[in-house]
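Scope of the values below: all heavy atoms of this structure, side chains included, with no hydrogens, waters or symmetry mates.
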Amino acid sequence: MNMDFTRKLSIPMEVKEMYPMTGKMSEDVESRVTELKRIFSGEEDKLVLIIGPCSADNEDSVMDYISRLCPVQEKVKDKIFIVPRIYTGKPRTTGDGYKGLLHQPDPNEKPDMFKGIIATRQLHMRAVQETGFACADEMLYPENHKYLDDLLGYVAVGARSVEDQQHRLTASGIEVPVGMKNPTSGNLSVMMNAIQAAQHAHTFIYRGWEAHSFGNPYAHAILRGYNNKQGVTLPNYHYEDLVRLSEFYAEHGQLTNPAVIIDANHANSGKNPLEQPRILKEVLSFCKWNRDIAHLVKGFMVESYIEDGAQKIGEGCYGKSITDPCLGWEKSERLIYEIADLL
């Protein structure tokens with residue numbers, strides 16, 4: 001093969017033994033996951049807000065950000081359930097560029113996958129231990145999920161991964177809610193097929209084992225906008241889009257817990273993070289008008305960090321994204337309170 005096999009990495013069990021959970025941490029994760037499931041099943045009427053940096057590029061600034069969410073969560077806990085984003089793998093359209101903490105624990109140094117595995121686990125552990133939050137991560141590589149499966153509260157399958165069989169089947173064996181994004185083409189049938197696959201049981205190969213999954217009843221849709229045939233970025237959070245998604249769910253009558261999370265950035269905002277507050281408020285107005293939409297929309301994804309915008313690697317601005325632009329902390333905090341007032 002035209003590649004170099006540098007070293008054999010530690011298996012998830014070994015990494016978990018090196019960096020074990022405490023009983024209190026496990027209880028906190030279980031409690032948060034249980035409540036999140038109740039929201040997706042409709043047993044609890046709260047809005048889910050999955051919010052945080054586009055990519056978790058620096059442990060200190062990410063923890064600073066998540067710590068700021070704690071008092072905000074306490075103030076809005078009766079209306080909003082916050083799930084911080086700790087996205088440790090960054091999908092790249094062409095394969096070039098920074099691929100996330102998993103690949104490069106230090107964005108200024110060369111990739112080191114073992115250090116990356118440790119760094120991702122340590123960061124998620126710090127979040128649980130210091131804040132009580134069970135956070136969200138994107139399942140960029142299905143075989144890596146076991147390194148974090150005892151820590152996560154939410155898992156996303158990205159637009160470039162949602163058609164992949166291994167992502168779908170692995171999602172069917174995950175015990176927390178999994179969001180399946182619409183593909184970059186915007187084809188909702190692809191997303192619905194992914195949800196159906198994730199909700200059903202399967203037998204497949206996983207990390208060298210013959211694995212049997214039992215289906216994930218909390219697999220659901222994420223709308224993130226799309227690119228048309230000419231490559232033009234278009235949104236899919238509008239009223240008509242949500243009506244059509246509701247119809248898709250009705251046509252797939254065997255699916256449980258119909259739900260959608262609206263990703264307010266990416267193609268929905270044209271990667272302009274300052275548009276995210278408008279998008280959230282617009283969708284909430286649809287919910288007041290249409291009961292079916294209100295039942296379907298469970299929450300939002302917001303890309304948010306300490307500073308507005310984005311920077312190039314090496315510029316050194318603390319708490320500013322080195323991937324997609326984000327909404328700064330002051331605007332994000334204000335948005336959360338404004339949304340709570342609208343509910």
Checking Met192 against Leu255 for the side chain to side chain contact (heavy atoms under 4.5 Å, CB included) test, could you report, in this order, the C-alpha distance in whole Å, the side-chain angles of both residues, the deciding distance, and whether it holds? CA-CA 9 Å; Met192 298 306 295; Leu255 296 178; 3.7 Å; yes

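- Residues passing the ring pair (Phe, Tyr, Trp, His ring centres under 6.0 Å) test with Phe40 are His220, sequence neighbours excluded.
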Please list, one pair per line, the donor and acceptor atoms closer than 3.5 Å that link side chains of residues 11-20 to other protein atoms, with sequence neighbours excluded.
from, atom 1, to, atom 2, distance (Å)
Glu14, OE1, Ile11, N, 3.1
Lys16, NZ, Lys146, O, 3.0
Lys16, NZ, Asp149, OD1, 2.6

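- A salt bridge does not link Glu27 to Arg32: none of the charged nitrogens lies less than 4.0 Å from a carboxylate oxygen.
- Salt bridge annotation for Arg68-Glu333: absent, with no cationic side-chain nitrogen under 4.0 angstrom from a carboxylate oxygen.
- In this structure, Arg334 is not positioned above the aromatic face of Tyr337 in the sense of NZ or CZ being under 6.0 Å from the six-membered ring centre and within 45° of the axis.
- The main-chain N or O of Ile82 is found under 3.5 Å from a side-chain atom of Gln73 such that the two form a donor-acceptor pair.
- Using modelled atom types, one side-chain atom of Arg121 and one backbone atom of Tyr147 make a donor-acceptor pair closer than 3.5 Å.
- Tyr87 carries Arg85 over the face of its six-membered ring, with the cationic atom under 6.0 Å from the centre and within 45° of the normal.
- Residues passing the ring pair (Phe, Tyr, Trp, His ring centres under 6.0 Å) test with His200: none are found, sequence neighbours excluded.
- Within 6.0 Å of the NZ atom in Lys271, the count of heavy atoms belonging to other residues, nucleotides or ligands does not exceed 12.
- Remark: Arg38 is not positioned above the aromatic ring of Phe81, lacking an NZ or CZ atom under 6.0 angstrom from the ring centre and at most 45 degrees off the axis.
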